[in-house]
Every structure is written in structure tokens, then in C-alpha cells.
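Residue numbers run from 1 in the order of the sequence given. Each ligand, and each atom within it, is numbered from 1 in the order the structure gives. Since the structure is predicted, the reported quantities are computational estimates derived from the model, not experimental observations.
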Amino acid sequence: MEQPLANMAFSGIATFAKSPLATDLASLDADVAVLGVPWDWSVGFRPGARFAPQAIRQMSMRYAHDPERGYFDVERERRLLRGVRIADCGDADVLYLDPEHTYGDVTRRVAQVLERGALPVVIGGDHSITYPVVRAFGGRGDLYILQLDAHVDFKDEVLGVKYSNSSPFRRIAEQGLAAGITTVGVRGLRTSEDDYQAALRNGNRIVLARDYHRHGPGTVLPGLPPGARYYLSLDIDGLDPSIAPGTGSPEPEGLSYTELKELVSTVADRGEVVGLDLVEVNPYFDPTGLTSLVAARTIMECLGAIDALATIIRRR
Ligand code: MN
Ligand code: MN
């Protein structure tokens with residue numbers, strides 16, 4: 001008889017949730033494909049997010065996923081992610097100071113994941129990487145984006161620089177890659193009036209953190225038509241720094257974890273989540289590992305919510 005394995009969370013090679021490594025995307029056979037993008041050359045303040053994919057993978061070992069068992073969600077009193085195959089596809093090939101090479105590689109890899117019918121889950125990296133990820137969805141039908149963020153990230157340029165982490169949604173909008181953009185969690189004293197007005201002129205729906213705190217997840221629904229295809233872009237600074245301090249540009253008054261959970265399940269209940277990213281974790285400012293742990297759990301929670309509401313099952 002085979003000796004049963006203890007498989008402790010701190011043992012083994014760190015892949016996302018201890019999932020099998022699958023770097024040959026041409027033959028990818030999975031329901032969920034996790035891809036790291038260790039890129040932070042587009043950060044205007046404190047760099048370090050390039051180390052997030054490794055840090056988040058390490059913490060995700062706490063949520064080791066066995067497709068035969070899934071995990072037990074005590075609040076729903078049911079098992080989630082049972083029969084769902086997660087693969088860790090390794091990292092995109094980033095080249096420092098070369099966004100063209102890096103973003104090109106990200107778009108190619110995400111497009112391959114989509115060709116193989118898997119749900120892409122992309123771990124940044126700074127928020128600039130959302131543009132090349134969403135670019136891979138081009139020509140595949142209307143996509144409604146839900147961005148969780150303290151910031152609008154709708155800047156046109158800084159002295160000609162167009163691919164900073166302040167600009168991804170401006171690039172996405174001007175290339176017609178989104179049918180709608182809803183940004184939730186905006187707050188702080190550093191919102192540029194020009195960027196804010198430009199986002200509103202584009203038709204973006206902006207839900208301030210203040211209004212989300214007061215009125216809850218229903219505030220995002222007007223920007224997300226029922227039954228549509230949604231893309232979730234989760235900037236960890238949308239959460240409150242008390243639970244996610246390890247990020248480049250933290251802002252007080254962010255969402256609580258409970259509010260994030262409600263947000264994700266409200267969206268997953270409304271239509272089909274076809275992809276997501278989680279960005280801006282900065283392990284240099286995360287000495288306790290809390291931010292990486294919250295990031296790993298957020299991803300598992302998103303996948304669980306999507307699965308609970310049958311989106312992943314429907315894809316198969
Ligand atoms: Mn952002
Ligand atoms: Mn932000």
C-alpha cells in the first residue's frame with residue numbers, strides 16, 4: 001500500500017495552490033490557468049511588485065487544491081472547486097525596460113490560454129499588465145471590466161510615456177477593448193481631476209469607496225449588464241491597507257475583505273467571469289506576508305465564487 005503523504009503547506013515547490021506546473025501552453029489541459037507577470041517597470045512610486053508572483057505562490061500553498069476534494073466553504077456549507085483543474089503556467093517572459101517584448105509575450109500567452117478554453121488568472125506585477133492581458137480578449141465578444149482600485153488608472157500619458165500603471169484602462173478604452181469599465185474603491189487625495197473627468201467622459205462608471213461602504217455591492221451593477229462577459233481586475237490597493245499594506249501606493253479607507261467577497265460573488269452571480277488579474281502586491285512592503293496571503297486567498301475566493309455560481313462548470 002502506498003504511504004499517504006502529509007503534503008505540508010511549507011513543503012514542496014511553490015506553484016499556485018500546489019497545482020501542477022504546465023508551461024507548454026500549446027497542450028494546456030486545464031479549467032483555470034494561473035500566469036505570473038513579474039513586471040514593475042511601469043511603477044511611478046515604489047517598485048517591487050515584480051516579486052509578487054513568487055510571494056503569492058508561496059502563500060497560496062496554504063490553499064493547496066486537490067481537484068478530487070475541492071475545498072469546503074463553511075459559509076456556503078458546500079465543497080467548491082471540486083473537479084476543477086487548476087494549472088500553474090509559470091511566468092510570462094518579461095524583459096526589463098522593454099514593455100513591447102513583455103506585453104507582447106503576455107498577450108500571446110493569455111491568448112493561448114483562451115484558445116485552450118481555460119480561465120486565465122494573471123498575477124502581477126504592476127497594473128500596467130492589465131492592458132496586454134485584456135488585449136488577448138480582443139475579437140472574442142463584448143467584455144465588461146470591473147476594476148477594484150483606489151485609483152482610476154485612466155491617465156493618457158506622462159511626458160509621452162503611455163504604459164505606466166496609471167494608464168492601462170485608458171489604453172484599453174481607446175482601443176475599443178472594453179464594452180464598459182466600472183471602477184470601484186476610488187478614494188484619496190491623489191486622483192487627477194483630468195484623469196477622473198476623462199474616465200467619466202469615456203462613460204466609465206466610478207463607484208467611490210465612500211459610496212461602496214454606504215450602499216454595498218449593488219452600486220457596481222448598473223455598469224455590468226446581466227448575463228454579459230466580465231473581466232475582474234483587482235488592484236490590491238482597492239482593499240484597505242490594514243489588511244493589504246504591501247503595495248506601492250496604499251490609501252486608507254479601502255474595502256474590507258468582507259466587502260470584497262460580496263463584490264466578487266455579486267459579479268459572479270450576474271454573468272460569466274471570463275478572466276481576472278490581481279496586481280500591485282509589493283512584497284518589499286509586506287514584512288508579515290499578510291498582503292500576499294490575502295492576495296492568494298482572494299484568488300481562491302474568486303475561483304470559488306465563480307464555481308459556486310457554475311461559471312467554470314458552464315465553460316466545460
Ligand atoms: Mn491600479
Ligand atoms: Mn491602485
Side-chain angles (χ1 to χ4, degrees), residues 37-50 52-53 56 99 103 106 122-135 145-158 161-173 177-178 181-196 198-199 202 204-210 212 220 231-257 259-260 263 275-286 291-292 294-295 298-299 302:
V37 183
W39 169 267
D40 64 12
W41 271 266
S42 307
V43 169
F45 189 35
R46 308 192 292 182
R50 76 185 72 170
I56 293 170
Y103 298 163
V106 170
V122 181
I123 304 178
D126 67 57
H127 216 159
S128 71
I129 64 127
T130 298
Y131 161 64
V133 175
V134 168
R135 191 165 62 175
I145 294 177
L146 179 74
Q147 171 198 4
L148 170 70
D149 209 319
H151 314 96
V152 291
D153 292 355
F154 209 74
K155 189 174 291 303
D156 185 20
E157 58 169 290
V158 180
V161 171
K162 295 179 89 76
Y163 296 100
S164 78
N165 65 345
S166 306
S167 298
F169 298 96
R170 186 69 168 254
R171 301 288 86 83
I172 286 167
L177 295 168
I181 299 173
T182 299
T183 307
V184 57
V186 173
R187 62 192 188 275
L189 307 179
R190 298 196 70 265
T191 303
S192 139
E193 186 177 359
D194 287 349
D195 303 352
Y196 176 71
N202 185 59
N204 296 16
R205 185 174 165 78
I206 295 178
V207 178
L208 301 178
R210 179 196 65 196
Y212 190 94
V220 303
Y231 180 87
L232 300 180
S233 185
L234 306 175
D235 183 328
I236 201 79
D237 71 30
L239 288 175
D240 194 75
S242 57
I243 52 163
T247 189
S249 301
E251 292 286 348
E253 299 187 295
L255 269 64
S256 70
Y257 194 79
E259 287 175 322
L260 169 70
L263 175 69
L276 65 98
D277 64 56
L278 190 149
V279 297
E280 298 288 353
V281 169
N282 187 331
Y284 279 171
F285 301 103
D286 195 29
T291 314
S292 290
V294 166
T298 297
I299 293 170
C302 285

Residue D149, metal the Mn ion (ligand 1), N/O/S under 2.8 Å: yes
Which atom, among the N/O/S set of H127, is closest to the Mn ion (ligand 1)? ND1
Taking 2.8 Å as the cut-off, does an N/O/S atom of D153 lie below it from the Mn ion (ligand 1)? yes
Under 4.0 Å between a Lys/Arg side-chain N and an Asp/Glu carboxylate O for R187 and D149? no
Using a distance-only test with no angle check, is there a side-chain donor-acceptor pair under 3.5 angstrom linking Q147 and S233? no
Look at the N, O or S atoms of D235, main chain and side chain alike, and state whether any lies under 2.8 Å from the Mn ion (ligand 1). yes
Any donor-acceptor pair under 3.5 Å linking the side-chain atoms of D235 with those of H151? no
For H151, the N, O or S atom at the shortest distance from the Mn ion (ligand 2) is ND1
Do S242 and D240 have side-chain atoms, one donor and one acceptor, less than 3.5 Å apart? yes
Can S249 and D237 be counted as having a side-chain donor-acceptor contact under 3.5 angstrom? no
Tell me which N, O or S atom from D237 is the closest to the Mn ion (ligand 2). OD2
